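The structure appears right after this line, and notes come after that.
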Amino acid sequence: MTARATAAKPTAPTPAATKRQAPRSSTAPAPSALLAWYDRHRRRLPWRAEAGRTADPYHVFLSEIMLQQTTVKAVGPYFTDFLRRWPTVRHLAEAPLEEVLSAWAGLGYYARARNLHACAKAVVARHGGHFPADEAALLDLPGIGPYTAAAISAIAFDLKASPVDGNIERVVSRLYAVDEPLPKSKPRIKALAAALTPERRPGDFAQAMMDLGATICTPRSPACPLCPWMEPCTARAEGDPARYPVKAPKGEKPKREGIAFLIVRADGAVLLRTRPDKGLLAKMTEVPSTPWGARPETPATHAPLAARWRPLPGAVEHVFTHFALTLSVLRADVPARTPAPDGHRWVHPSGFDREALPSVMRKVLAHGRIGEG
DNA sequence: AAACCGTGGGT
DNA sequence: TACCCAAGGTT
């Protein structure tokens, strides 16, 4: 158990423990020190308001959903594009889901896009098109979990809430040298973060914690000398802050394989289809393929039509969250009037921009040099 | 409660 | 190369 915060060890340490028995910090981390640092070093981000103001709740919502498990750099262009297409929640709520999915294509975790759309509709239906300034009501919305509800509460409404993301987990686990591994330590870290949150400027405080984690208290080699909380940091006092957060070991990543059917009509159109409503890449566009499994399938059993197949050299490699995929590609060139089988459609490369093509499928198309000219 | 759900960049 | 990591949520 035990964050060092509650484990006083005043007497002589045992030899075995010497290394990590560095003195506990004498001072508690002061929110004011972090806020002062934030006032000088806050990042300028597309969704962030000017200093001293709260951002538009829709902007905060949109950015927070996009930023789930996704880097600031990757989100930038998507955020700008979404805001241009759908300037308000109402616009987003009225958009066709297909357009939202195609705009999201490439960002990953596509359930977020489906939930984003559902959430926009719910905000219009339940709250008259205004995000509620209420953490519990936010939590009720699709796609908004404990982190995002707290983040919107704090950042958009300056309510006292304590979002805990990966950055804040890291900062807090170091401040208090939390030895228990994640994810088991989440409740303790959450409590420590909440206890740290000030009554004044809780929104800036949350963003300051994230900025600190992103720029100073980084995973590999934290820049402790630049940190406003260097002195009260227990991990720093111990001498090896990068040891935190402690994490449970990860399992093996299984391998799967499949065969994709790249069928090209004489006019250059490619045969595509939409994936099932649930599961991996739900409702996204795909190149037809065999099922993806641990063992190879018989191509003829799964090909959408009979054709003269030509194997393309090499293969497409793609790593998903929980498995690694190797896709070999069979190509067939078919006559201009070949009808699309049930559940399939012909799409010319000029129309790819309007398709919800995930990255793995763009790789397959690129592998066959489709859409290069 | 543990599995599932993407992708690109950094080391 | 192989692994880690990024403003997590849902089932």
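Keep in mind the model is a prediction, meaning the values are calculated, not measured. Numbers restart at 1 for each chain; the letters A, B, ... are given by sequence-line order, proteins then strands.
- Residues A:Trp229 and A:Leu212 are in side-chain contact: their nearest non-hydrogen atoms beyond the backbone lie under 4.5 Å apart.
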side-chain hydrogen bond (donor to acceptor under 3.5 Å, both in side chains) between A:Gln68 and A:Tyr147, worked out: CA-CA 9 Å; A:Gln68 288 168 7; A:Tyr147 163 77; over 6 Å; no
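- Test A:Glu238, A:Glu169, A:Arg174 against A:Tyr244 for side-chain hydrogen bond (donor to acceptor under 3.5 Å, both in side chains) and you get one pass: A:Glu238.
- The distance from atom CG of A:Asn115 to atom P of B:dC5 is 14 Å, rounded to the nearest whole Å.
- In this structure, A:Lys160 and A:Thr197 approach most closely via the heavy-atom pair CE-O, 3.4 Å.
- Ring geometry for A:Trp86 against A:Phe82 counts as perpendicular: the plane angle is over 60°, on a 0 to 90° scale with 30° as the lower cut.
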Considering only nitrogen or oxygen atoms on both sides, find all protein atoms under 3.5 Å from nucleotides 1-3 of chain C and state each distance.
none

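- Of the residues A:Lys247, A:Lys184, A:Arg243, A:Arg188, the one that meets the salt bridge (Lys or Arg N to Asp or Glu O under 4.0 Å) test with A:Asp179 is A:Arg243.
- Remark: A:Thr321 is not in phosphate contact with B:dT7, judged by side-chain N or O atoms under 4.0 Å from OP1 or OP2.
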Evaluation steps, ring-ring contact (aromatic ring centres under 6.0 Å, His included), between A:Phe320 and A:His318: CA-CA 7 Å; A:Phe320 292 97; A:His318 191 80; 4.7 Å; yes
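- Atom C1' of nucleotide C:dT11 and atom CZ of A:Arg114 are separated by 13 Å, given to the nearest angstrom.
- Look at A:Asp211 and A:Arg43 and you find a salt bridge, because one of the NZ, NE, NH1 or NH2 atoms lies within 4.0 Å of a carboxylate O, short of that distance.
- With both ends at atom P, the span from C:dT11 to B:dG6 equals 14 Å, rounded to whole Å.
- Nucleic acid contact for A:Gly106: sugar-phosphate only, since backbone atoms but no base atoms lie under 4.0 Å from a heavy atom of the residue.
- For A:His318 and B:dG6, the shortest distance from a side-chain N or O to OP1 or OP2 is not below 4.0 Å.
- In this structure a side-chain-to-backbone donor-acceptor pair under 3.5 Å is missing from A:Thr274 to A:Met284.
- For DNA chain C, the residues of residues 140-157 of chain A within the heavy-atom distance limit of 4.0 Å (strictly under) are A:Pro142, A:Gly143, A:Ile144, A:Gly145, A:Pro146, A:Tyr147, A:Thr148, sorted by number.
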Bracket notation of DNA chain C in which parentheses pair within the strand, [ ] cross earlier pairs, and | pairs with another strand (Watson-Crick or G-U, under 3.5 Å): .|||||.||||
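- For a distance-only test at 3.5 Å, the side chain of A:Thr70 qualifies as a donor-acceptor partner of the base of B:dG6.
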A:Glu297 vs A:Thr290, side-chain hydrogen bond (donor to acceptor under 3.5 Å, both in side chains): CA-CA, chis, key distance, verdict: CA-CA 7 Å; A:Glu297 301 272 352; A:Thr290 65; 6.0 Å; no
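- Atom CG of A:Leu107 is separated from atom C1' of C:dA6 by 12 Å (rounded to the nearest Å).
- Residue A:Pro358 is classed as a sugar-phosphate contact, given heavy-atom separations below 4.0 Å to backbone atoms only.
- Atoms CD (A:Glu64) and P (C:dG9) sit 9 Å apart, rounded to a whole Å.
- When heavy atoms are screened at a 4.0 angstrom cut-off, A:Val75 is found touching no nucleic acid atom at all.
- Residue A:Lys250 has a polar side-chain atom (N or O) positioned under 4.0 Å from OP1 or OP2 of C:dC5.
- Taking the six-membered ring where tryptophan is involved, the planes of A:His59 and A:Phe79 are perpendicular, since the angle between them exceeds 60° and thus also 30°.
- Within 4.0 Å of A:Trp104, counting heavy atoms only, lies no atom of the nucleic acid at all.
- Whole-Å rounding puts the A:Leu67 CG to B:dG6 P distance at 18 Å.
- Here C:dG8 presents its P atom at 11 Å from CD1 of A:Ile65, a figure rounded to the nearest Å.
- Counting any heavy atom pair closer than 4.0 Å across all strands shown, A:Leu139 reaches no nucleic acid atom.
- Between A:Gln69 and the phosphate of C:dG8, there is a side-chain N or O to OP1/OP2 separation shorter than 4.0 Å.
- Considering only side-chain N and O atoms, A:His322 lies under 4.0 angstrom from the phosphate OP1 or OP2 of B:dC5.
- One finds a side-chain N or O of A:Arg170 lying less than 4.0 angstrom from the OP1 or OP2 phosphate oxygen of C:dA6.
- A distance of about 22 Å separates the P atoms of C:dA6 and B:dC5, rounded to the whole Å.
- Here the shortest heavy-atom pairing between A:Pro225 and A:Met230 reads CA-SD, 3.8 Å.
- Between A:Tyr109 and B:dC4 there is no side-chain polar atom (N or O) within less than 4.0 angstrom of OP1 or OP2.
- Among the heavy atoms of the strands lying under 4.0 Å from A:Arg43 is at least one base atom, whether or not backbone atoms are also near.
- The distance from atom NZ of A:Lys73 to atom P of B:dT7 is 18 Å, rounded to the nearest whole Å.
- With hydrogens and angles disregarded, a donor-acceptor distance shorter than 3.5 Å links the side chain of A:Arg112 to the backbone of A:Leu107.
- A straight line from NZ of A:Lys253 to C1' of C:dC4 spans 10 Å, rounded to a whole angstrom.
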